[in-house]
2 protein chains.
Amino acid sequence: MSSPPVRPALRERYDRRQQEVVDQAARVFAQRGYHATSIDDLIEATGLTRGGLYHYIGSKQDLLFRIHEELLEPLLERAREILSADADPETHLRALVREWVAHVERHRDHMLVFDQERRTVEEEPRWAEVRRARKDFEDLLAGVLDRGRREGIFAMADPQLTLLALLGMVNYLPQWYTPRGRLDADGIAAGYCDALLDGIRVR
Amino acid sequence: MSSPPVRPALRERYDRRQQEVVDQAARVFAQRGYHATSIDDLIEATGLTRGGLYHYIGSKQDLLFRIHEELLEPLLERAREILSADADPETHLRALVREWVAHVERHRDHMLVFDQERRTVEEEPRWAEVRRARKDFEDLLAGVLDRGRREGIFAMADPQLTLLALLGMVNYLPQWYTPRGRLDADGIAAGYCDALLDGIRVR
DNA sequence: GAACTTAGACCGTTCGTTCGGTATAAGTTA
DNA sequence: TAACTTATACCGAACGAACGGTCTAAGTTC
């Protein structure tokens, strides 16, 4: 990767094209998988040549890193905003899940890559930042559940298991969600929250 | 891959070693990912040489196929057994989830590969059988939920979404389950079912 | 000695990456 | 504003390494 241009007039275009490369890469990685995607596949997807591509990226792995970065930071920020507002745990939970599902909807490709490469991310030290962001988000969710429990709004035999169930539900979303589906993000989020809060048993 | 030996005494050893190769492969694939695992990695894991390895397998992809096959067929069979017994929907559901979670526990590596290579499996026609088995299992679950709804035991605004929530919960399991954890398979299955059936809201 | 297993050198291919080059646009100077 | 300089954009051939897979011959077991 050549260093970004110094001339202001070019800097904007460079950033825009780099962004485009990352997004296209996310699309192809999501479809084919990161390792199964070759540089030639990326060439085809971006319309650049080998040399042109490497003008905008440092390496293939660098691309994977950017995808994760773009994905987690904004979500984490939004989650913190939501929790900083005064509200009861149920409201917080619903808002959090709604934002999260909407994020999945908007960045489905990124999310698929995120899921697929979970193990890659878990190994090397370079990914510590990404792991941390993921952990932080999960802690925020855990916090809401715990507050609900302390306030007597929620009750669960095993709060940790409940959190894992919720994580599973939403992390599975990118596998089946399609923009042309019957439900939109809000509908899915509401449905998930209803299921989690009230269950399905008739009383 | 050479054809299996004809003599019964050798056939057994051959099958046993082939099984061992598949299991070791599952372990390495689960850890590193299928594409990121090289033949040399498999050599190291199995203790065989290149020639020895290819004596027992047709190709790397063949290995992936066997892993899927081993995983889904027995689960599907057990699920059908469970459902063939007379019982109310809740009992069926709980038994199904218990068996499923136990299966994840026993074949965690296989399951991780299964999750990781979901996209590979979705594309090529060769994998139709695997896709079909997965679909069949999901249909069995859907059937139980639907029967519960028709009998007035369960109620959910969106049965399909409920199924997807359940699938997400359990499919996420291999990501965090460890045999040395606080909960065993039965505990996890029960916890999941409790959450799904009754929710967490205090009434 | 026939059936089976293993060894490891070797094959062609594809991989991610580099690099020297050229065309052009931006910025500078006169 | 014309001439000049330089930063940048992009290209594509070439690279060494690593890939999955094959092959033949030697070894082992029945």
Side-chain angles (χ1 to χ4, degrees), chain A residues 1-22 24-26 28-29 31-67 113 116-117 120 123-124 126, chain B residues 1-22 24-26 28-29 31-67 113 117 120 124 126:
Chain A
M1 180 172 56
S2 55
S3 36
V6 175
R7 294 182 195 170
L10 293 177
R11 180 60 196 251
E12 194 207 349
R13 185 175 64 159
Y14 180 89
D15 288 344
R16 203 175 54 241
R17 296 201 172 168
Q18 189 178 58
Q19 182 62 57
E20 180 63 17
V21 167
V22 174
Q24 290 299 332
V28 186
F29 287 167
Q31 213 165 72
R32 300 237 234 276
Y34 169 72
H35 286 285
T37 301
S38 68
I39 298 295
D40 279 335
D41 291 334
L42 295 176
I43 302 282
E44 196 186 354
T46 55
L48 293 167
T49 59
R50 287 180 109 70
L53 176 65
Y54 272 86
H55 181 63
Y56 291 105
I57 69 168
S59 67
K60 192 181 160 189
Q61 175 159 302
D62 173 57
L63 223 31
L64 185 61
F65 188 73
R66 279 170 195 274
I67 288 171
V113 177
Q116 225 156 39
E117 294 306 313
T120 308
E123 308 273 315
E124 296 172 52
R126 146 134 211 225
Chain B
M1 182 171 57
S2 57
S3 35
V6 175
R7 285 186 266 182
L10 292 178
R11 179 59 194 254
E12 194 207 351
R13 184 177 67 164
Y14 181 90
D15 287 345
R16 203 174 54 243
R17 293 195 176 170
Q18 188 177 58
Q19 183 62 55
E20 180 63 18
V21 167
V22 173
Q24 290 299 331
V28 186
F29 287 167
Q31 211 165 71
R32 298 238 235 278
Y34 170 72
H35 281 99
T37 300
S38 68
I39 297 295
D40 281 335
D41 292 333
L42 294 176
I43 293 204
E44 198 186 354
T46 55
L48 295 168
T49 58
R50 285 181 107 68
L53 176 65
Y54 273 88
H55 181 63
Y56 292 103
I57 68 167
S59 67
K60 190 181 161 191
Q61 175 156 302
D62 174 58
L63 224 29
L64 185 61
F65 188 73
R66 279 171 194 273
I67 288 171
V113 177
E117 294 306 315
T120 308
E124 296 174 55
R126 148 134 210 222

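Proteins get letters first, then strands, A, B, ... in listed order; numbering begins at 1 in each.
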Trainee: In chain order, what residues pass the salt bridge (charged side-chain N to carboxylate O under 4.0 Å, His left out) check against A/R7, with sequence neighbours excluded?
Mentor: none

Trainee: Shoot me the first and last contacting nucleotide of DNA chain C against chain B, ordered 5' to 3', at under 4.0 angstrom to non-hydrogen atoms.
Mentor: C/dA3 to C/dA9

Trainee: Return the value, rounded to whole Å, for the distance between atom CD1 of A/I43 and atom C1' of D/dC10.
Mentor: 11 Å

Trainee: Using the salt bridge (charged side-chain N to carboxylate O under 4.0 Å, His left out) criterion, which residues pair with A/R17? Sequence neighbours excluded.
Mentor: none

Trainee: Quick check: do A/Y34 and B/H35 have side-chain heavy atoms less than 4.5 Å from each other?
Mentor: no

Trainee: Return the value, rounded to whole Å, for the distance between atom CG of A/L53 and atom C1' of D/dG12.
Mentor: 13 Å

Trainee: Tell me every residue that passes side-chain hydrogen bond (donor to acceptor under 3.5 Å, both in side chains) with B/E117, counting only those two or more places apart in sequence or in another chain.
Mentor: B/T120

Trainee: With sequence neighbours excluded, what pairs up with A/Y54 under the side-chain contact (heavy atoms from CB on, under 4.5 Å) test?
Mentor: A/I39, A/I57

Trainee: What residue pairs, at least two apart or across chains, pass side-chain hydrogen bond (donor to acceptor under 3.5 Å, both in side chains) with a residue in residues 40-49 of chain A?
Mentor: A/R32-A/D41, A/S38-A/D41, A/D40-A/R50

Trainee: Not counting sequence neighbours, which residues clear side-chain hydrogen bond (donor to acceptor under 3.5 Å, both in side chains) with A/R11? List them please.
Mentor: A/D15

Trainee: Just checking B/P8: base, sugar-phosphate only, or nothing, at a heavy-atom cut-off of under 4.0 Å?
Mentor: nothing

Trainee: Between protein and nucleotides 19-24 of chain D, map the contacts as a letter string: B base, S sugar-phosphate only, - none, heavy atoms under 4.0 Å, written 5' to 3'.
Mentor: SBBB--

Trainee: Restricting to nitrogen or oxygen on both sides, can you table the protein-nucleotides 1-3 of chain D pairs closer than 3.5 Å?
Mentor:
none

Trainee: With sequence neighbours excluded, what pairs up with B/F65 under the ring pair (Phe, Tyr, Trp, His ring centres under 6.0 Å) test?
Mentor: B/W127

Trainee: Looking at residues at least two apart in the chain, or sitting in another chain, which of them share a side-chain contact (heavy atoms from CB on, under 4.5 Å) with B/H55?
Mentor: B/S2, B/Y14

Trainee: Please work out which residues in residues 10-17 of chain B have a non-hydrogen atom less than 4.0 Å from an atom of DNA chain C and list them by number.
Mentor: B/L10, B/R13, B/Y14, B/R17

